[in-house]
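Worksheet: the structure to be examined is printed underneath.
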There are 2 protein chains.
Amino acid sequence: MPRILCVGALTLDTIFQLEQLPPGPGKYIPTLAVEIAAGMASSAAASIARLGGEVSLWASAGRDAVGDRIIAELSDEGVDCSHVRRMQRARSAFSSIFVDRAGERMIVPFYDPALLTVPDAMPHIENGVFDVIMTDVRWPGAAAMALAAAKSAEIPAILDADTAPLETLELLLPLATHIVASEPAAEKVTGEHNPENAVVALAACYGRDESFVAVTAGDKGSFWYDNATGTVCHMPAFNVRAVDTLAAGDVFHGAFAWGVAQGWQVDAIMRFASAAAAIKCMHFGGRRGAPSAAEVQAFLSARI
Amino acid sequence: MPRILCVGALTLDTIFQLEQLPPGPGKYIPTLAVEIAAGMASSAAASIARLGGEVSLWASAGRDAVGDRIIAELSDEGVDCSHVRRMQRARSAFSSIFVDRAGERMIVPFYDPALLTVPDAMPHIENGVFDVIMTDVRWPGAAAMALAAAKSAEIPAILDADTAPLETLELLLPLATHIVASEPAAEKVTGEHNPENAVVALAACYGRDESFVAVTAGDKGSFWYDNATGTVCHMPAFNVRAVDTLAAGDVFHGAFAWGVAQGWQVDAIMRFASAAAAIKCMHFGGRRGAPSAAEVQAFLSARI
């Protein structure tokens, strides 16, 4: 059983479904409300656990009620949280998110800067404890250490390159063996609005040592660069009735890391990850809709 | 030492301060964020405890992490939470609130309807355990029982009449000996937009048995009906630099109940409650800004 380490964000998300986003001051009654332990790397880790993977999380939380709660919840999901850094003088991160019927979102995240200090210790990566490392861009100091250690250990070093300050992206992108960038992040780094052009530009910058480079573009599907042929491959998004796209990218990245850990071919990995993300989008509540491996297989079997 | 029972809402509020309210979909970084055990009656109870009062809370919560947390927090504030009803199959209430620099708010509250079922037991009120009862409009079944029991026990039965369905207001208003209505609730019941007219109309309906009737109107101050002279009295709001008016009404009502329990004259009570609410408005974070009795006295001494 391959072991995966996810590195990055850990937050408590409170997600409200509303008929429409608040147009101004007032009181708005939600149709649904979900509280869930989330954050990019944490949602990916929980998604990997759902798929049946053995997964650990390296994240940073306060010694407070929110921290206790989100760690307990992820542990219940099967994520090993023993590497989570608990900080005495920091507040755990939390976000409030309003989602309308069309899936449009207002997000207000609270991150205590003290959570993001550079770690003075890290999980053992060099000695073969993990088979794949997956990091996000939310705790750059830890992500840089983990990606570098993964490269030294010659194991896949995956970066979920979502929007972040340009200096953070430019710090982390060269350290990864597998870059899966969101469309806005890819545009931020390359200046290319079209995701196909962005993947080519990213590959030109960061695909030198046979690194894998992809861009996910929501309902336009995902694009990746084929080093062997010098072409861009495209996996269309599955056509589902989306009620909530929140955390779809995190579920995609978790499933991607899972596929890499299994040693699958890249087109199989991208198809699997797209299916996992599509299934998630059919359920309200962020990562709560992340599927099991059997659900993904059933979804894919029905679409061959 | 008089004992006060507060009856009604108990929620976990997450309050974000933003430069401006979100104008549409997107991610918005707050300047401050506070999580706090709140809800009208609970905030009033915590304010009474800050003032030095002996106060109990009768509210309804789920048997979940949010419930544990908010009860622990109010207990730490000195509120007796032994009467809080914990329900196995209900989720505790929570709200997310965005506040801009001008104090304008977007509020999205989540209330599980299961929390609001009519209670099948109530705290002992009839036998002189409490000296004053203060209820809000958020748990009408419990408020009706408590107000009726208070009237039988011939102790003050205060109603914080904030906006609620008209049937709830019309259920509770006749049961109270002291009505302190918000401006919108008073308008909803009487049709009168002007708070001075609204207080006259409310007194005509509900002030028969020498009941006390007041309307609070934010920075326009508060108005009450003097049964002896048939006139409306006015307490102007104190002129302070308000940064957050959230829970100002709850702090007012807590201080009002405290003054009633002390047996003060009505004008002294209204002045004290106005001062407590004004001090609260100078601090961000909802009821977190509720003052001690010494702070209110110092504030008033500086303004004589």
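Below, each value reflects all heavy atoms present in this structure, side chains not excepted, and no hydrogens, waters or symmetry copies. Lettering of chains follows the sequences in order, A, B, ..., and the numbering in each one begins at 1.
Distance alone, capped at 3.5 Å, places no donor-acceptor pair between the A/Lys27 side chain and the B/Met106 backbone. With A/Thr168 contributing its side chain and A/Ala164 its backbone, the two residues share no donor-acceptor pair below 3.5 Å. In this structure a side-chain-to-backbone donor-acceptor pair under 3.5 Å is missing from A/Ser43 to A/Ala38. The backbone N or O of B/Ala290 sits less than 3.5 Å from a side-chain atom of B/Arg50, completing a donor-acceptor pair.
Both the backbone and the side chain of A/Ser96 come within less than 4.5 Å of a heavy atom of chain B. Contacts of B/Leu18 with chain A are made by side-chain atoms alone, with heavy-atom separations under 4.5 Å and no backbone atom involved. At a 4.5 Å heavy-atom cutoff, the contact between B/Phe98 and chain A is made by side-chain atoms alone.
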For this session: For B/Arg287 and B/Ser42, run side chain to side chain donor-acceptor pair (under 3.5 Å): C-alpha distance rounded to whole Å, both residues' side-chain angles, the deciding distance at 0.1 Å, then the answer.
Result: CA-CA 10 Å; B/Arg287 72 158 181 87; B/Ser42 300; over 6 Å; no

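Screening residues 22-44 of chain B for ring-ring contact (aromatic ring centres under 6.0 Å, His included) gives no qualifying pairs among residues at least two apart or on separate chains.
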Residues 29-36 of chain A, side-chain donor-acceptor partners within the protein, below 3.5 Å, at least two apart:
from, atom 1, to, atom 2, distance (Å)
A/Thr31, OG1, A/Gln17, O, 3.0
A/Thr31, OG1, A/Gln17, OE1, 3.0
A/Glu35, OE1, A/Arg69, NH2, 3.2
A/Glu35, OE2, A/Arg69, NH1, 3.3

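Of all heavy-atom pairs between A/Ala181 and A/Leu202, the closest is CB-CD1, 4.0 Å. Heavy-atom minimum distance, B/Ile15 versus B/Gly285: CD1-C, 3.7 Å. Listed here is the closest heavy atom pair of B/Ala161 and B/Leu173: CB-CD2, 4.2 Å.
Among B/Phe16, B/Tyr111, B/Phe110, the residue making the largest number of heavy-atom pairs under 4.5 Å with chain A is B/Phe16. Comparing A/Gly26, A/Ala65, A/Pro22, A/Ala72 by how many heavy-atom pairs each has under 4.5 Å with chain B, the most go to A/Gly26.
Contacts from residues 134-142 of chain A to chain B, taken as heavy-atom pairs separated by less than 4.5 Å, involve A/Arg138 in sequence order. Residues of residues 73-92 of chain B that come within less than 4.5 angstrom of chain A, heavy atom to heavy atom, are B/Arg91 in numerical order.
Salt bridge B/Lys280/B/Asp244: present, at least one basic N to carboxylate O contact under 4.0 Å.
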